[in-house]
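These notes are about the structure you will find just below.
Here is how names work: the chains are called A, B, and so on, in the same order as the sequence lines, proteins then strands, and each is numbered from 1.
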Number of protein chains: 2
Amino acid sequence: MEFEAEVCSECETHAEVLQKVQAELPPEESLYDLADLFKVFGDTTRIKILYVLFESEMCVCDLAAALGMTQSAISHQLRVLKQSKLVGNRREGKSIIYFLADDHVRVMIDQGMEHVAE
Amino acid sequence: MEFEAEVCSECETHAEVLQKVQAELPPEESLYDLADLFKVFGDTTRIKILYVLFESEMCVCDLAAALGMTQSAISHQLRVLKQSKLVGNRREGKSIIYFLADDHVRVMIDQGMEHVAE
DNA sequence: CCTTCATATGATCATCTGTTCATATGTATA
DNA sequence: TATACATATGAACAGATGATCATATGAAGG
């Protein structure tokens, strides 16, 4: 990495702070994973799916019905949610039931809502 | 909205659940805002900026230096962060100092990191 | 007031994302 | 084991997004 950038005259005295900040910065990979996680929450369809699953576990078909969307669209998004370990699933008869994997999800969404609600 | 979708035979008995779920679903606009908020966190550059600002408030130029990125790129992202009220700024001499607006930010990022760390 | 310097902005381009449509997969049950 | 039905998948297309480059803005300090 190159940390020698165009630095304004007023700020180039701050070398110490820069160094400390860089030292505290989590590893690139963690930051990448973190951004990826937030990206998953950053879509209305996926947010809706999660909200629905707050209320009740549900098969793909019901999710599609509940959100008035295509089965395919829902299925594609469930895949993303599952990859991020935000939801899990199990087979039940002919259907596959999806459910929240984790209670982090609720906390994160609640926290977000709090910010938005202001 | 249309809630009459192709419903699987096994699930069409679940009309009650669907209705309850739809009733509990927050208004479209809130969901949209929420997704938008998470979208802001869903980018490595912006996450990095936030992490840096955890340590210390800082001028644009120092942020660019700390992250080894263009002033322009940083400025564009700061705009996004400010629109979402995640950061604030003030003028100080020639520089403009950016800082975290809120403590939600820390909580949200920590929560995300916890999930990712598993 | 006029220059200088830090920051902001706009256009552009390549990349990424989400939906749709068509179709594949695979399990359950007759 | 054949087929019907729920779900998954792949290609393709439209819209969104982030970095870059060039340039505008505008306050500070002479």
In whole angstrom, what separates [X]'s [atom1] from [N]'s [atom2]?
X: A:Arg90; N: D:dA6; atom1: CZ; atom2: P; value: 17 Å
X: B:Lys39; N: D:dA16; atom1: NZ; atom2: P; value: 9 Å
X: A:Arg46; N: C:dT19; atom1: CZ; atom2: P; value: 8 Å
X: A:Glu92; N: D:dT7; atom1: CD; atom2: C1'; value: 15 Å
X: A:Leu63; N: C:dT19; atom1: CG; atom2: P; value: 14 Å
X: A:Tyr98; N: D:dA8; atom1: OH; atom2: P; value: 4 Å
X: A:Leu81; N: C:dT17; atom1: CG; atom2: C1'; value: 14 Å
X: A:Lys94; N: D:dA4; atom1: NZ; atom2: P; value: 11 Å

Check whether any side-chain N or O of [X] sits under 4.0 Å from OP1 or OP2 of [N], and answer yes or no.
X: B:Arg79; N: C:dT9; value: yes
X: A:Gln77; N: C:dT17; value: no
X: A:Thr45; N: C:dT19; value: yes

Please pick, from [options], the nucleotide with the shortest atom-to-atom distance to any side-chain atom of [X].
X: A:Ala73; options: C:dC5, C:dT17, C:dT19; result: C:dT19
X: B:Ser72; options: C:dG10, C:dT19, D:dG18; result: C:dG10
X: B:Met69; options: D:dT7, D:dA28, D:dA19; result: D:dA19
X: A:Cys59; options: C:dA8, C:dG18, D:dT7; result: D:dT7

**Residue of the set B:Val80, B:Leu53, B:Leu81 for which side chain to side chain contact (heavy atoms under 4.5 Å, CB included) holds with B:Leu86** =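 One option only clears the test, and that one is B:Leu81.
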Measuring only between side-chain heavy atoms, which start at C-beta, is [X] closer than 4.5 Å to [Y]?
X: A:Glu24; Y: B:Tyr51; value: no
X: A:Phe54; Y: A:Val105; value: yes
X: B:Lys48; Y: A:Leu31; value: yes

**Prompt:** When you match A:Asp36 and B:Ile96 each to their closest nucleotide on DNA chain C, which lands nearer the 5' end?
**Reply:**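 Result of the comparison: B:Ile96.
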**Message:** Which is more 5' along DNA chain D, the nucleotide nearest A:His76 or the one nearest A:Arg91? Just name the residue.
**Reply:**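 With A:His76 and A:Arg91 compared, the 5'-side residue is A:Arg91.
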**Asked** Per the atom types in the model, does the base of C:dA6 pair as donor or acceptor with the side chain of B:Gln71 at under 3.5 Å?
**Response**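 No, the side chain and the base share no sub-3.5 Å donor-acceptor pair.
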**Side-chain-base donor-acceptor pair under 3.5 Å for A:Thr70 and C:dC21** =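 No.
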**Message:** According to ring-ring contact (aromatic ring centres under 6.0 Å, His included), does anything in residues 60-107 of chain B pair up with another residue at least two apart or in another chain? List the pairs.
**Reply:**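 Every ring-ring contact (aromatic ring centres under 6.0 Å, His included) pair that includes a residue of residues 60-107 of chain B, provided the two are not neighbours, is A:His115-B:His104.
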